[in-house]
Amino acid sequence: MAGGEASAALSAIHCDGINIRPDESAEEAGTRKIHQRPQGMYFGRQGSLETGKAAAAGGGGGGFSPRGSKDRRSLSRKGKSLGPATETSGGDGVRKGDDFRMFRTKSSLHRQLSMLPTGKESGADNQNGDAPTGGGGGGGGGRGESINQSVPAGRYFAALRGPELNEVKESEDILLPKDELWPFLLRFPVNCFGICLGLGSQTILWSAMTSSPAISFLRVTPFINTGIWLLALLLLAAASIAYALKAALYFEAVRREYFHPVRLNFFFAPWIAGMFLVNGAPPSLAPPRPHPAVWCALMAPVFFLEVKIYGQWLSGGKRRLCMVANPSSHLSVVGNFVGAGLAARVGWPEAAKFLWAVGIAHYLCVFVTLYQRLPTSEALPKELHPVYCMFIATPAAASLAWNAIYGEFDAVARTFYFIALFLYVSLIVRINFFRGFKFSVAWWSYTFPMTMVSVATIRYAEEVPTVITKGLALVLTFISSTIVLLLFVSTLLHGFVWGSLFPNDPAIAISRSKNCSSAGKRIAARGRTEAMPHIYDEVRRWARLSLVPAAKGNTKNKSDDN
């Protein structure tokens, strides 16, 4: 009987594809067979049945040895491997050193190319949870998908809060680390061009104060205008260079700002600020009539942006006007009126009338949409905020543009001026609503509307020279210049003394979906689940090999009992 049992055991082993050498036992042959298996198997050594079950239940990827779990070796995380993940900063598969690389321009291009199918990829790789990485070589599939695809407009309203949509809600997570300072270019937002808007509009104000007969009794020296103009030109050049470097090195961050409902409108700011500088240039530094090429260079980007944005407003979809309208949307309309005024100065009145007509049509749409407070009321706070100063910028700019086109402050110009003046008064009488807000660079963009109203008041005082109009011009001019001076001092203190001018900008680091940060974990879990049958096959094979001696022992005991 013992010979029959041995032959049965040997036949079982031969059926399994094991060739037994003359100088080895069945167990040694089984161990040698496992050691000779090709690469890609999940386990490298034969272990006990208990050790195999424990490893399969834990989903670990360590090697096995006869000594049990004390001699496990961790496998590197490569495709099919079930080894432990690399230590990460956020727990979702991206190393700390690679957090900022996901926004780099070369990394974005590499991710887009990595999403293309290659000949080396197989169906088994896709089934085991392989996905394009999110950045820098270590990201999970969730992050890669969130970076490569654009963030919907509604997602910004859902994940962010504040009038400028620059604060992340407590229930949300971001793709970049919160506990360390980001690179400067990632912290440099596009709304920094609001500083250029504020100072550029001041050049127009002080130029009007120097040459206007309505307030000639002040005897304002032209050197003030020259100093402000040079400072504004220097800041515009510095901001343009910094943002150009950001676009070259961190294009993904620029792209996310472009899809941001509020930041999108600030892409008009550098070109509008440039037109402010041309209109407010001192006579000693610039000719009285600018060259038409200057107008073309500054107006062409504004026109192309308007075609894109106005088309989205008109065609509908997720970026239609009633979904993305906010007070900063006035910036996209102000460019038409400022460009119309500059076109009139260079001697192109028809182009100026065309831009004025386009601007007034879209201004009515934006004004009515914001007054009705449609879906944007959920994102913007109910209390008043300096962001609502944008309401007075467009009618004031329309009034000045009409004056530049037709050469007089007639009924049409006065109509828009009165609209701006009423909105201005309705805001400043509620001064308590402007308290308790933290300083931000975006506050600069709320200074040029006040300046535009002041300039329009000076023009109105020239047409209606009374004590009331001249006094109103002085008061509004004082308020505008004082606010700009206070913001300039605050900016210097935050930038050079306290070092808090450019904090981290979490608005560009939100995920495409709320649960996108755990997508990588879900993909890895799915890969482990699909790989479990292969592990169970290995355990069954080991169990059969390990139970052969036990079966022989039990059969011998039964024979002895009989």
Side-chain angles (χ1 to χ4, degrees), residues 94-116 132-139 143-151 156 166 174-177 180-197 200 232-274 277 296-305 308-309 331 335 441-442 444-445 495 501-512:
V94 178
R95 294 187 299 271
K96 249 187 177 181
D98 296 331
D99 284 335
F100 303 112
R101 296 181 186 177
M102 68 176 69
F103 283 90
R104 285 191 175 275
T105 303
K106 293 183 179 180
S107 180
S108 301
L109 180 61
H110 174 72
R111 285 193 304 271
Q112 294 174 4
L113 295 177
S114 65
M115 295 182 67
L116 299 177
T133 57
R143 288 203 177 198
E145 181 182 2
S146 176
I147 288 295
N148 288 321
Q149 300 182 11
S150 60
V151 180
Y156 288 99
N166 58 349
I174 60 176
L175 300 177
L176 297 180
E180 59 180 294
L181 192 64
W182 302 354
F184 170 75
L185 293 178
L186 282 179
R187 294 182 286 116
F188 187 82
V190 68
N191 52 17
C192 286
F193 286 102
I195 302 177
C196 305
L197 287 176
L233 179 63
L234 178 62
L235 290 177
L236 178 60
S240 301
I241 294 174
Y243 204 78
L245 291 176
K246 180 178 181 179
L249 299 179
Y250 297 100
F251 182 75
E252 178 60 35
V254 176
R255 189 169 72 95
R256 282 175 166 253
E257 286 190 300
Y258 177 77
F259 288 110
H260 193 284
V262 176
R263 303 281 181 88
L264 169 64
N265 301 289
F266 283 91
F267 281 88
F268 293 91
W271 316 107
I272 298 176
L277 293 179
C296 293
L298 295 174
M299 193 61 207
V302 175
F303 183 77
F304 288 128
L305 283 173
K308 175 67 174 179
I309 296 175
L331 272 175
V441 176
W444 272 98
S445 60
L501 184 61
F502 298 110
N504 291 343
D505 186 19
I508 64 172
I510 62 173
S511 58
R512 189 174 184 272

Just so I know, are the side chains of Leu245 and Tyr250 near enough to count as touching, which here means a heavy-atom distance under 4.5 Å?
no
Spatial distance of atom CG (Leu235) from atom CZ (Phe193) [nearest 0.5 Å]:
11.0 Å
Minimum heavy-atom distance Gly335-Met299, with the two atoms named:
O-CE, 4.0 Å
Quick check: do Tyr243 and Glu257 have side-chain heavy atoms less than 4.5 Å from each other?
yes
Ignoring hydrogens, what is the shortest heavy-atom contact between Leu186 and Ala253? Give both atom names and the distance.
CD2-CB, 3.7 Å
To check you understand the geometry: which heavy-atom pair defines the closest contact between Asn504 and Trp182, and what is its length?
OD1-N, 3.1 Å
Tightest non-hydrogen contact, residues Leu175 and Ser511, listed as CD2-CB, 4.2 Å
Just verifying a value: how many Å separate Ile508 CD1 and Phe259 CZ, rounded to the nearest 0.5 Å?
14.5 Å
Any Arg263 side-chain heavy atom under 4.5 Å of Asp505 side chain
yes
Would you say the side chain of Phe268 lies within less than 4.5 Å of the side chain of Leu197, judging by non-hydrogen atoms?
no
Kindly compute the distance separating CH2 (Trp444) from SG (Cys196), expressed to the nearest 0.5 Å.
9.5 Å
To check you understand the geometry: which heavy-atom pair defines the closest contact between Trp271 and Leu298, and what is its length?
CB-O, 3.6 Å
In Å and rounded to the nearest 0.5 Å, what is the CD1 to CG distance from Ile241 to Leu236?
10.0 Å
Pairwise side-chain contact, Lys246 with Phe103, heavy-atom cut-off 4.5 Å (strictly under)
no
Heavy-atom pair with the smallest gap, counting every atom of Phe502 and Arg187
O-NH1, 2.6 Å
